[in-house]
There are 2 protein chains.
Amino acid sequence: MDLSRHIAQKFSELSSPLSDAALDKIASILVRTEVKKNTLYLKEGEVSKYIGYVYKGMLRLFYYKNKKDLTEHFACEGTNFFSIESFFRQQPTHLMIEALENSVVYGLPHDELLELAAEHYEIEVMYRTLIENSLILSQQKADTLRFESANERYRRLLREHPEIIQRAPLSHIASYLLMTPETLSRVRASLV
Amino acid sequence: MDLSRHIAQKFSELSSPLSDAALDKIASILVRTEVKKNTLYLKEGEVSKYIGYVYKGMLRLFYYKNKKDLTEHFACEGTNFFSIESFFRQQPTHLMIEALENSVVYGLPHDELLELAAEHYEIEVMYRTLIENSLILSQQKADTLRFESANERYRRLLREHPEIIQRAPLSHIASYLLMTPETLSRVRASLV
DNA sequence: CCTTGCTTTTGATACAAGTCAAGACGTATA
DNA sequence: TATACGTCTTGACTTGTATCAAAAGCAAGG
């Protein structure tokens, strides 16, 4: 299918370009899922089977801590997402994935991916590169959250991902930015 | 050399066990370096060539932000460390690595590692697994730093890595725990 | 049009941690 | 012994953000 081919290409964009054969292989294992607004793509306790690619819509990754709903990540159109610990170790997840809008996700299934990676080294390299990039991003995110004030964190999000601010509820943005909804409200008021 | 074999095994411990042939290959590319106390294993602006393994001693990874010296990680005996962004992308690093004591490091060189990984799939898997584990740790660390108070962060370090508290200067421990030396001093006083 | 229930804003207060400044302590040097 | 220097501690004050509580805004249903 042509669309799957296109999605496969998206997965490969981070590393060196893949051969047509490899792209076809990846396209052949992709699993398309429609996720309705406010429903879960991954529930707590399940094992995360896919690395997801957001073809349409928007999702958030979140978990509960002391009864509080904390958003760890927003997955926008055209980006990848996955529940790191659960996917790598194939263990039950504490991280849930929920659609903020009606969304379409293409998933790269764990077992099939590993099989392909073992057969085609370029796919293995693509997979490894994807993980490397996630690690770099994870570090960068930790660094910025560490040293910026609530105000700066909001302004950074506004600058780098205005679509999140437009499309996600403020309560989720607040927990993503590590502040209370009250503080977020005051920060926003101070910028007008 | 038998010692290198042993170190190679250490690298492989995170993934499934490696064949003797693979262990020998890894052992053959390891580079031993003695790092004297207070000297740098990796300087700002250099390209990080190695994933390091601390055979003896202790090092810290740090960088400058607004003229402040910030410790990002302590590498203790028996553990791995590397400058993530610089190593993966083979770019100049902003992260420096310094010995806190006279230390001995075994380094797995980037280019040779990638060559071996391309030849021996089990080595590639070991490398990938090492990255996966780093990513899991990076996430976990971000999570704990996020939601714990200065007091709790110190107590966690005391519980999980007492050797760091005994062997590293308090100023570095303070920046590692994301607090000022004054706050660290007060936290310590409050626990006696 | 008025409920009901959410989300967001505003206000008052509390507290953890940062800052600035001074003092104590320890170790090495003269 | 004295001096100097770095490290750590203590004190007084400030500040950003959380908390608790109430009000305002807004959408959906009767």
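Here the structure is a predicted model, which means the values were calculated and not measured.
Atom CD1 in Ile173(B) sits roughly 8 Å away from atom P in dC8(D) (whole-Å rounding). Rounded to whole angstrom, the span from the CG atom of Leu177(B) across to the C1' atom of dA17(C) amounts to 14 Å.
Side-chain atoms of Glu124(B) and Tyr121(A) form a donor-acceptor pair, as typed in the model, at a separation below 3.5 Å.
Ion pair Arg5(A)/Asp20(A) flagged as a salt bridge, since at least one NZ, NE, NH1 or NH2 atom sits closer than 4.0 Å to an Asp/Glu carboxylate oxygen.
Taking the ring centroids of Tyr106(B) and Tyr50(B), they lie at or beyond the 6.0 Å cut-off.
Looking at Arg155(A), Arg156(A), Arg153(A) one by one, the single match for salt bridge (charged side-chain N to carboxylate O under 4.0 Å, His left out) with Glu148(A) turns out to be Arg156(A). Each of Glu98(A), His172(A), Arg60(A) was checked for a side-chain hydrogen bond (donor to acceptor under 3.5 Å, both in side chains) with Thr71(A), and the lone residue meeting it is Arg60(A).
Follow the hydrophobic side-chain contacts under 4.5 Å out from Ile51(B) and you never reach Met58(B); the two are in separate clusters.
Axis angle across the helix from dC1(C)-dG30(D) to dA30(C)-dT1(D), with five pairs used at each end and values rounded to 10°: 20°.
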Annotated protein contacts, base or backbone, on nucleotides 9-23 of chain D with a non-hydrogen cut-off under 4.0 Å, one of B, S, - each: BBBB----SSBB---

ring-ring contact (aromatic ring centres under 6.0 Å, His included) between Phe74(A) and Phe81(A), intermediate numbers included: CA-CA 9 Å; Phe74(A) 290 104; Phe81(A) 64 90; over 10 Å; no

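Using the six-membered ring where Trp is involved, Phe11(A) and Tyr53(A) have ring planes that are tilted, between 30° and 60° apart.
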